[in-house]
Each structure stands twice: as structure tokens, then as C-alpha cells.
Q: 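Dropping the structure in here first, questions after.
Counting starts at 1 for both ligands and their atoms, in listed order. Scope of the values below: all heavy atoms of this structure, side chains included, with no hydrogens, waters or symmetry mates. The chain is numbered in sequence order, starting from 1.
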Amino acid sequence: MTGDLTARDDPVRSDRGDGPEIAVVGAGAVGVTAAYDLARRGADVTVYDSGAVASGSSGRAAGVCYDAVATEPAATLAREAIERFRALSGPETFAFHPCPYVWLAREGDAEHADAIASGLDRMADHGVPAGRIEPSALAGRFPALRADDVAVAGVTEGAGYADPGAYTACLAENAVAEGATLATHTPVTVETDPPRVVPQDGSSRAVGGVLVAAGAHSKRLLAAAGVPIAMKPYRVQALVTAADVTEPMWYDATAGCYARPHPDGLLAGNGTEAVEADPDTYDRDANPEFAASLTDRLVHRLPDLQPDVQRAWAGLCTATPDREPLVGRLREGLYVATGFQGQGFMRAPATGRRIAEQLLGGSGIDAFDPTRFSGDESFRVREGMSVTDE
Ligand SMILES: Cc1cc2nc3c(=O)[nH]c(=O)nc-3n(C[C@H](O)[C@H](O)[C@H](O)COP(=O)(O)OP(=O)(O)OC[C@H]3O[C@@H](n4cnc5c(N)ncnc54)[C@H](O)[C@@H]3O)c2cc1C
């Protein structure tokens with residue numbers, strides 16, 4: 001058992017198991033956070049996963065977390081999540097490593113430079129403690145990072161990284177300690193009216209609420225229940241290379257790549273495929289050319305880097321038409337949390353808590369209401385970290 005989170009968390013009244021019976025589909029970062037918060041608030045929760053805890057995207061994510069978000073209410077949620085990462089982490093729970101996050105555009109890339117500059121203005125408007133940093137100051141503060149080609153850069157101290165698998169395992173264990181039941185290796189389907197989940201052995205019973213937090217499978221699962229959602233899974237790639245870099249985390253918008261320190265050196269990624277992927281059959285291995293193409297871009301930004309790629313992989317993110325997530329009520333007793341555009345891990349501590357509160361009668365987040373789309377929209381997959389509308 002990893003450490004007890006409750007002592008570090010905000011106090012909530014919990015009459016264990018006296019609340020409604022809730023089924024959560026998906027033991028990823030979002031599902032187990034919701035389960036933990038539901039159980040702490042007295043719900044009788046069962047979490048189902050077709051595999052192990054964190055066997056979906058949460059076990060393949062980079063773990064980059066930051067509050068530098070230019071739109072509300074996503075900025076508030078991002079800030080809440082960072083605060084909760086800080087509060088819950090520790091030697092006995094999971095590690096959250098505070099680390100500044102820099103995002104930048106190169107000289108000659110006016111589109112990204114303008115987008116970063118206007119994004120910083122909007123962040124200032126709603127109190128995000130991020131600011132512009134001049135290239136000379138960037139070079140002075142982070143000598144490993146090439147800055148002589150930088151047109152515009154932002155930096156925030158409200159950032160850090162965590163191992164998504166470790167966070168998810170910790171929250172799952174604490175959900176169980178709070179009284180939740182964890183049913184791993186148990187694929188389920190969902191039915192509505194009344195809401196219920198149906199494991200493959202056919203056993204099922206109506207519950208007070210179902211939360212579909214099934215990551216890239218959420219669309220398929222809900223479509224089979226006759227509930228379309230406007231979401232498309234898309235494939236991204238990442239790698240770990242040997243390196244001697246301690247900070248910052250950074251995103252080069254011109255090159256379309258990011259990196260953060262990792263116990264084995266550097267974790268870096270992108271390689272977004274802007275097409276819908278099949279969550280059952282997508283290629284989990286990185287493309288053969290991915291490592292060489294990415295390390296070229298890493299060396300551009302970190303000229304002293306001598307890449308030695310240890311491993312590379314692919315995983316899925318989920319896109320929506322407006323690049324905001326689908327979090328909330330779909331119909332009576334049926335809720336969803338997906339569509340995080342590559343930022344689902346960094347918001348999980350706040351998203352899980354908010355959807356748990358909504359399931360127990362609280363208000364949802366209007367801007368994330370999944371019914372703002374009918375589910376049959378045609379839209380392009382656009383990468384989540386991008387600072388422009390493209
Ligand atoms: C390479 C890569 C890098 C990333 N980097 C970052 C990052 O730096 N920061 C960040 O914030 N995000 C990042 N992401 C995105 C992040 O991984 C996701 O947004 C986040 O993990 C979503 O969590 P989740 O709980 O919604 O879904 P998941 O972790 O995918 O969990 C869904 C679970 O549902 C289960 N499931 C599916 N269907 C069924 C069924 N029928 N019955 C039972 N269980 C089912 C799956 O097995 C899975 O375990 C990255 C993703 C990838 C692939």
C-alpha cells in the first residue's frame with residue numbers, strides 16, 4: 001500500500017457506503033481519482049477495467065503538468081490540479097517534481113510567436129502566474145537550452161512532472177482504502193435506462209450512476225449503448241533518452257516537440273498523427289523513423305545532448321471539436337470524462353474530484369458539458385499542446 005492520501009487532502013464528510021452505488025468504467029488517472037473522491041464522499045463505488053490499473057493511456061503518458069492555460073475554466077482546473085498534485089505527493093505516496101515549464105516559438109515563425117504572445121496576455125487576464133521571458137534571460141536561467149533562435153517564450157513555475165503510473169496506482173489503492181471495489185481484468189459494456197454496466201459474465205445490476213472514464217475506448221463503449229459523443233482517439237509517440245538535464249520542461253511550438261527530465265535522462269515526445277485511431281488495433285510501438293526525427297529536434301534545442309534512446313512507444317490521446325474535454329452528464333445517471341487533448345493526466349486530480357461532485361448532485365462545468373455536441377459532428381483531430389488554432 002502506498003501512503004494514505006486522506007491526511008494530506010481536503011477534509012470531506014464520509015459516511016462510508018451510505019451514498020449511491022456508482023460504477024466507474026476505467027482505472028486510468030481520471031477514473032481512479034473520481035473513484036477515490038466518490039468513496040471519500042460516501043458513495044458505494046466499483047471501478048471496472050478491462051486490464052490492470054493504468055493499462056490505458058495513463059500508463060503511457062509523459063507526466064508533464066502545468067498551469068499555463070489561456071482559456072477558462074480550463075485554467076482554473078489546471079491550477080486546482082497542480083495544487084492537488086503538490087498536496088497529495090510525498091515520499092510515501094507518489095513523487096511530484098516541481099519544475100519550471102517553458103514554451104517557445106522560433107524567429108521566423110510568426111504564427112506560433114503571435115499565438116504565444118496573445119496566450120500570455122490572456123493568462124495574465126485571468127491570473128495565471130505565467131510570464132514572458134526574454135531570450136537572454138532564458139539563456140541565463142537555463143544554460144542547457146538554446147535560446148539564440150527564440151522569438152517569444154513563456155515560463156511558469158506552476159508546473160512539474162510525475163510518473164502517471166505511480167499516481168494512478170496510488171489513487172487506486174487509496175480509493176480501495178476508502179471503501180471502493182476494484183474489478184480489474186473485467187471488460188464491461190454499458191446500458192442505459194436504467195444505467196448499468198454489464199461485465200462479460202453477464203452479471204449486472206442497476207446502479208445510481210455510471211461514469212465512463214474509459215479513455216480512448218469511451219466513444220466506442222458509449223456508441224454501443226446508443227449514446228454518441230464527439231470524440232476521436234489519435235496516436236502520439238514518446239521516447240526516453242539518456243541525458244544530463246535537470247530543468248526546465250519545455251515545448252518548442254515551432255518544432256512541435258516537448259521534453260522533461262526523467263530518472264533515466266529525458267522523456268520527450270510528439271509525433272501526433274492527426275487522424276482518428278482505432279483503440280483496439282493501433283500500433284503501440286513507435287514508428288521506425290520516430291526516434292531519429294525527434295532526437296534531431298531535441299539536439300537543436302539542447303546542443304550538448306548526446307542522444308542514446310532507451311525506449312520509444314506510442315499511445316492514444318483523445319480529441320474533441322473545440323479541444324475542450326467532455327466532462328459531465330450525458331443523460332440521467334450516465335456521465336463521461338474524456339476528450340482531454342493530451343492533457344488528461346495533468347488535470348486528473350481536479351477533473352476526478354469535479355466529476356465525483358457532479359455525480360453526487362453538484363453542478364457540472366458548463367464549458368465541458370458533453371451534450372454541447374450531438375456526437376455526429378465532423379471535425380479534424382488537432383493536437384492538444386499546440387498554441388495556435390491549427
Ligand atoms: C505518449 C503520451 C504522452 C502523454 N503525455 C501527457 C502529458 O505529459 N500530460 C498529460 O496531462 N497527458 C498526457 N497524455 C495524455 C494522457 O495519457 C491522458 O489524457 C490520460 O491518461 C487519460 O486518462 P484516462 O483515465 O481518461 O484514460 P486511460 O488512462 O486511457 O484509462 C481508461 C481505462 O479504461 C479502460 N477501459 C476501456 N474500455 C473498457 C471497458 N469496456 N471495460 C472496462 N475498462 C475499459 C482501459 O483499460 C483504461 O485502463 C499523454 C498520452 C500519451 C499516449
Side-chain angles (χ1 to χ4, degrees), residues 23-35 46-66 69 78 81-82 85 101 159-165 167-168 171-172 182-190 197-200 210-222 224-225 231 233-240 249 251 258-260 262 267-273 277 279-280 282 284 286 290 312-319 325-327 336-352 355 383-385:
V24 176
V25 186
V30 175
V32 299
T33 307
T46 304
V47 186
Y48 298 90
D49 201 291
S50 45
V53 169
S55 56
S57 297
S58 297
R60 311 179 84 76
V64 174
C65 308
Y66 54 78
V69 178
I82 295 284
F85 273 125
Y101 176 73
Y161 57 90
D163 176 344
Y167 168 89
T168 307
L171 270 286
L182 187 57
T184 50
H185 305 286
T186 308
V188 298
T189 55
V190 171
V197 295
V198 185
Q200 276 179 345
V210 172
L211 170 61
V212 174
H217 282 90
S218 300
K219 175 180 174 177
R220 187 163 288 175
L221 193 64
L222 285 161
M231 184 276 271
Y234 63 97
R235 184 171 170 270
V236 298
Q237 301 173 73
L239 60 77
V240 170
M249 306 189 291
Y251 173 60
Y258 66 86
R260 61 103 158 157
H262 183 275
L267 195 166
N270 236 358
T272 297
E273 284 174 13
D280 290 314
Y282 82 94
R284 288 161 172 73
F290 168 68
W313 66 94
L316 296 181
C317 295
T318 50
L326 310 177
V327 179
V336 69
T338 187
F340 297 111
Q341 295 279 170
Q343 300 178 357
F345 175 67
M346 68 176 84
R347 314 265 166 84
T351 309
I355 192 70
E383 197 264 313
M385 267 189 171

Q: Purely on distance, is any nitrogen or oxygen of Leu316 under 3.5 Å from one on ligand 1?
A: no
Q: Please report the interatomic distance CG(Leu239) to CH2(Trp313), rounded to the nearest 0.5 Å.
A: 7.0 Å
Q: Rounded to the nearest 0.5 Å, how far does NE2 of His185 lie from CG of Asp49?
A: 8.0 Å
Q: When rounded to the nearest 0.5 angstrom, what distance separates CZ in Phe345 from CZ in Arg60?
A: 16.0 Å
Q: Is there any N or O on Ser57 that sits under 3.5 Å from an N or O of ligand 1?
A: yes
Q: Output the list of atoms in ligand 1 that are nearer than 4.0 Å to some heavy atom of Tyr258, sorted by atom number.
A: 3 (C)
Q: Considering only heavy atoms of His217, which atoms of ligand 1 have at least one such atom less than 4.0 Å away?
A: 37 (C), 38 (N)
Q: If you measure every N/O of Gly63 against every N/O of ligand 1, is any gap under 3.5 Å?
A: yes
Q: Considering Met346, Arg260, Arg235, which one's heavy-atom position lies nearest to atom 11 (O) of ligand 1?
A: Met346
Q: Under 4.0 Å from a heavy atom of Leu221: which atoms of ligand 1 are those, numbered in the order shown and with their elements?
A: 41 (N)
Q: So is Arg347 polar-close to ligand 1, meaning N/O to N/O under 3.5 Å?
A: no
Q: Out of Ser58, Gly215, Gly342, who is nearest to atom 22 (C) of ligand 1 when you count heavy atoms only?
A: Ser58
Q: Decide side chain to side chain contact (heavy atoms under 4.5 Å, CB included) for Met249 and Tyr161; before the verdict, give the C-alpha distance in whole Å, the side-chain angles of both, and the deciding distance to 0.1 Å.
A: CA-CA 9 Å; Met249 306 189 291; Tyr161 57 90; 3.9 Å; yes
Q: Taking the side chain as C-beta and beyond, is there a heavy-atom pair between Thr351 and Pro325 under 4.5 Å?
A: no
Q: Do any N/O atoms on Phe345 end up under 3.5 angstrom from N/O atoms on ligand 1?
A: yes
Q: So, regarding Ala29 and ligand 1 (criterion: nitrogen or oxygen to nitrogen or oxygen, under 3.5 Å), is there a contact or not?
A: yes
Q: If hydrogens are left out, which of Leu267, Val190, Val188, Leu239 has an atom nearest to atom 40 (C) of ligand 1, that is, the closest non-hydrogen atom?
A: Val188
Q: Could you list which atoms of ligand 1 come closer than 4.0 Å to a heavy atom of Gly26?
A: 33 (C), 34 (O), 35 (C)
Q: Which heavy atom in Val190 sits nearest to a heavy atom in Ala225, and how many Å separate them?
A: O-CB, 3.3 Å
Q: Quick check: closest heavy atoms across Tyr234 and Glu273, and the distance to 0.1 Å?
A: CB-O, 3.5 Å
Q: Would you find a donor on one side and an acceptor on the other, under 3.5 Å apart, between the side chain of Ser57 and the backbone of Leu316?
A: yes
Q: Would you check the N or O atoms of Ala52, main chain and side chain alike, for any that come under 3.5 Å of an N or O of ligand 1?
A: no
Q: Which is closest to atom 52 (C) of ligand 1 by heavy-atom distance: Thr168, Val236, Asp49, Val25?
A: Val236
Q: Do Ala61 and ligand 1 have an N or O pair less than 3.5 Å apart?
A: no
Q: Could you tell me which atoms of ligand 1, counted from 1 in the order shown, lie closer than 4.0 angstrom to a heavy atom of Tyr48?
A: 43 (C), 44 (N)
Q: So among Pro187, Pro279, Pro233, Ser50, which one has a side-chain contact (heavy atoms from CB on, under 4.5 Å) with His217?
A: Pro279
Q: Ignoring hydrogens, just give me the one of Cys317, Gly315, Ala286 whose non-hydrogen atom is nearest atom 51 (C) of ligand 1.
A: Cys317
Q: Tell me the closest heavy-atom pair linking Leu267 and Val240, and the distance in Å.
A: CG-CG2, 4.0 Å
Q: Give the C-alpha distance, both sets of side-chain angles, the deciding distance and a yes or no for side chain to side chain donor-acceptor pair (under 3.5 Å) between Thr33 and Tyr167.
A: CA-CA 9 Å; Thr33 307; Tyr167 168 89; 2.8 Å; yes
Q: Would you mind listing which atoms of ligand 1 come within a distance below 4.0 Å of any non-hydrogen atom of Arg60?
A: 1 (C), 2 (C), 3 (C), 52 (C)
Q: Heavy-atom contacts with Ala62 under 4.0 Å: which atoms of ligand 1 show up? List them by number with element.
A: 3 (C), 4 (C), 5 (N), 6 (C), 8 (O)
Q: Dump the intermediate steps for side chain to side chain contact (heavy atoms under 4.5 Å, CB included) on Arg220 and Asp280, then the final yes or no.
A: CA-CA 10 Å; Arg220 187 163 288 175; Asp280 290 314; 2.5 Å; yes
